[in-house]
Amino acid sequence: MKNILVLGGTGFVGATLCEHLARHGWAITLATRKRSNARHVQHLPTLTVVEVDVHDEAALNRVVAGHTAVVNLIAILHGTPEAFAYVHVELPKKLARACQVHGIQQCVHISALGVQDQQPDAAPSHYLRSKGRGEAVLRGAACASGMDLTVLRPSVIFGANDQFLNLFARLQRVFPIMPLAGAQARFQPVWVVDAANAVVRSLELSVRPDAVGYPVRTVELCGPDVFTLKELVQLSARLSGVCGGRGRPVIALPMWIGRIQALVMEWAPGGPLMSRDNLDSMRVDNVATPGVPGLEALGIKPTSVQAIAALYLKRA
């Protein structure tokens, strides 16, 4: 049985991925800081939960040993430049070293749409710059060792338990208007199941010198439709039935007011809904890049937001 180590497997995307890997016959080791975080997936028949701090390089080395493949989903959306570097750059460095030591054959790394290949530090936000540097670390390791590396760059991910469309729907049930910074930013949302299938398909690619993109390939994960942020807010209201599907008035904020709003939100208890770094990321359209392989390259037909979100937003 093929065995795989999953980092970040207890989150929104990771839980769906673990279900798909189990269905495809993979033996899964799920590394998590707290065993209780994995209670919603620990029932899977081929999954073993290991309690470990993957940022501890010695501990990471121990847990990587004995596997044929690794998937890294660990990421943060909010934080200081130091926090982004710690999670998105330093962890990939440690993972790259562990993969080289233990002869890992395949690695799938979840990055982000908007990362710039040639000049990662030219991206507009700390989030995107750190993601680009993390990609570069793993690319270098793959080219040096021959490890098969797939970098997946998703647009915003939606699904039944997302904190995106569900959040917009919840906010519109509470507030009479929706003041919105970055209202014209463009996104190409991808379904969480399509994203999970992309990881599985990437792992199924043969490790051979004539494989497309060997030893490194980049695939962008985007749905079939492009929306502005304002359109997505309005869509969440329509599909969830807020105000009879009309939703609340959306007031587009000038960027300078949006940054003040984001600054206030950064201090909100329980984690910010929006940060200034998020606004910086939205200066780059979150849509597919012409000429870069997408879901279709992995044999996956992208699923539309309307087809899926209508099912869970109305129920919620």
| remark: Nearest heavy-atom contact between Val87 and Ala75 is CG1-CA, 3.9 Å
| query | Are any non-hydrogen side-chain atoms of Val64 and Leu5 less than 4.5 angstrom apart? | reply | yes
| request: Decide yes or no for Leu295 and Cys222: does some side-chain heavy atom of the first lie under 4.5 Å from some side-chain heavy atom of the second? | output: no
| query | Among side-chain atoms of Tyr312 and Asp162, is any donor-acceptor pair under 3.5 angstrom? | reply | yes
| field | Hydrophobic cluster identity match, Leu113 and Leu77, side-chain contacts under 4.5 Å | value | no
| field | Chi angles and distances behind the side-chain contact (heavy atoms from CB on, under 4.5 Å) call for Trp26, Thr46 | value | CA-CA 7 Å; Trp26 284 80; Thr46 61; 5.7 Å; no
| query | Is there side-chain contact between Phe158 and Ile308, with heavy atoms separated by less than 4.5 Å? | reply | yes
| message | Closer than 3.5 angstrom, by distance alone: can the side chain of Asn166 be matched with the main-chain N or O of Ala160 as a donor-acceptor pair? | response | yes
| task | Starting from the C-alpha separation in whole Å, work towards a yes-or-no answer on side-chain contact (heavy atoms from CB on, under 4.5 Å) for Ile251 and Met178. | result | CA-CA 6 Å; Ile251 309 300; Met178 285 289 292; over 6 Å; no
| request: Would you check, one step at a time, whether the test side-chain contact (heavy atoms from CB on, under 4.5 Å) holds for Val200 with Arg23? | output: CA-CA 10 Å; Val200 175; Arg23 198 175 303 143; over 6 Å; no
| remark: From the list Arg97, Lys93, Lys94, side-chain hydrogen bond (donor to acceptor under 3.5 Å, both in side chains) with Glu57 holds only for Arg97
| Does one hydrophobic cluster hold both Val305 and Phe187, with members joined at side-chain heavy-atom distances below 4.5 Å? | yes
| query | How many angstroms lie between CE in Met255 and CD in Gln184, if you round to the nearest 0.5 Å? | reply | 10.5 Å
| said: Working to the nearest 0.5 angstrom, can you tell me the gap between Leu165 CG and Leu239 CG? | reply: 8.0 Å
| said: Within the 3.5 Å criterion, strictly below it, is a donor on Thr68 or Gln105 matched to an acceptor on the partner's side chain? | reply: no
| For the rings on Tyr127 and His78, is their centre-to-centre separation under 6.0 Å? | no
| query | Taking atom types as modelled, is there a side-chain donor on Asn278 or Ser281 under 3.5 Å from an acceptor on the other? | reply | no
| message | Quick check on the hydrophobic clustering: are Leu91 and Val137 connected, directly or via other members, by side-chain heavy-atom contacts under 4.5 Å? | response | no
| query | Hey, is Lys301 close enough to Asp194 for a salt bridge, meaning N to O under 4.0 Å? | reply | no
| field | Side chains of Thr228 and Arg186, donor plus acceptor under 3.5 Å | value | no
| Which atom names give the shortest non-hydrogen contact between Ser236 and Phe168, and what distance separates them? | OG-CB, 3.3 Å
| Passing candidate, side-chain contact (heavy atoms from CB on, under 4.5 Å) with Gln172, options Val233, Leu167, Ile177 | Val233
| request: Output the distance between atom CE (Met282) and atom CG (Asp277), rounded to the nearest 0.5 Å. | output: 10.5 Å
| query | When you measure from the side chain of Gln106 to the backbone N and O of Ala69, does any donor-acceptor pair fall under 3.5 Å? | reply | no
| query | Between the side chains of Arg170 and Gln163, is a donor N or O closer than 3.5 angstrom to an acceptor N or O? | reply | yes
| For Ile110, does its backbone N or O pair with a side-chain atom of Lys131 as donor and acceptor, under 3.5 Å? | yes
| query | Below 4.5 Å, heavy atoms only, C-beta onward: do Leu7 and Val71 meet side chain to side chain? | reply | no
| said: For a 4.5 angstrom cut-off between non-hydrogen side-chain atoms, does Thr48 reach Ile28? | reply: no
| Nearest 0.5 Å, what's the CD-CZ distance between Gln306 and Phe227? | 4.0 Å
| message | Whether the side chain of Asn3 engages the backbone of Gly66 through a donor-acceptor N/O pair (distance < 3.5 Å, no angle test) should be reported. | response | yes
| said: Check Asp117 with Arg139, please: is the shortest side-chain N to carboxylate O separation under 4.0 Å? | reply: yes
| message | What I'd like to find out is whether the side chain of Leu232 reaches to under 4.5 Å of the side chain of Pro189, using heavy atoms alone. | response | yes
| query | Side-chain heavy atoms under 4.5 angstrom apart, residues restricted to Ile, Leu, Val, Met, Phe, Trp, Tyr: same cluster for Leu152 and Val287? | reply | no
| Looking at Arg33 and Asp53, does any basic side-chain N land under 4.0 Å from a carboxylate oxygen? | yes
| query | Is Val89 reachable from Val151 through a run of hydrophobic residues whose side-chain heavy atoms are each under 4.5 Å from the next? | reply | no
| task | Dump the intermediate steps for side chain to side chain donor-acceptor pair (under 3.5 Å) on Ser155 and Asn286, then the final yes or no. | result | CA-CA 6 Å; Ser155 183; Asn286 206 245; 2.6 Å; yes
| request: Over all heavy atoms of both residues, which pair between Val6 and Cys18 is shortest? Give the atoms and the distance, please. | output: CG1-SG, 4.5 Å
| Stepwise side-chain contact (heavy atoms from CB on, under 4.5 Å) check, Arg276 with Glu266 | CA-CA 8 Å; Arg276 288 167 293 172; Glu266 288 173 21; 2.9 Å; yes
| message | Test salt bridge (Lys or Arg N to Asp or Glu O under 4.0 Å) on Arg153 and Glu135; report intermediate values, then the result. | response | CA-CA 10 Å; Arg153 295 176 176 169; Glu135 278 190 20; 2.7 Å; yes
| query | Backbone N or O of Val63 within a donor-acceptor pair of the His67 side chain at under 3.5 Å? | reply | yes
| message | Can a donor-acceptor pair be found, under 3.5 Å and without considering hydrogens, that links the side chain of Arg39 to the backbone of Ser36? | response | yes
| message | Show the nearest heavy-atom pair for residues Val13 and Leu73, with the distance to one decimal. | response | CG1-CD2, 3.6 Å
| said: Looking at Gln119, I'd like to know if its CD atom is crowded, meaning that more than 12 non-hydrogen atoms belonging to other residues, nucleotides or ligands lie closer than 6.0 Å. | reply: no
| message | Tell me the closest heavy-atom pair linking Val49 and Gln42, and the distance in Å. | response | CG2-CB, 4.1 Å
| request: Using atom types as modelled and distance alone, determine if a side-chain donor or acceptor of Arg201 lies under 3.5 Å from a backbone N or O of Leu298. | output: yes
| Shortest non-hydrogen contact between Ala96 and Ala141, atoms and distance | CB-CB, 3.6 Å
| query | Okay, side chain of Arg248, backbone of Phe175: is any donor-acceptor separation there less than 3.5 Å? | reply | yes
| query | Atom OH of Tyr86 and atom CD1 of Ile76: how far apart are they, to the nearest 0.5 Å? | reply | 11.0 Å
| said: Side chains of Val50 and Thr32, heavy atoms from C-beta outward: is any pair under 4.5 Å? | reply: no
| task | Starting at CD of Glu82, measure out to OG of Ser130 and round the result to the nearest 0.5 Å. | result | 11.5 Å
| task | Return yes if a side-chain donor-acceptor contact under 3.5 Å exists between His109 and Asn72, otherwise no. | result | yes
| For the side chain of Glu51 and the backbone of Arg35, is there at least one donor-acceptor N/O pair under 3.5 Å apart? | yes
| field | Glu220/Thr289 under side chain to side chain donor-acceptor pair (under 3.5 Å): CA gap, chis, key distance, verdict | value | CA-CA 8 Å; Glu220 295 186 343; Thr289 307; 2.7 Å; yes
| field | Pro124 and Val284, any side-chain heavy atoms less than 4.5 Å apart | value | yes
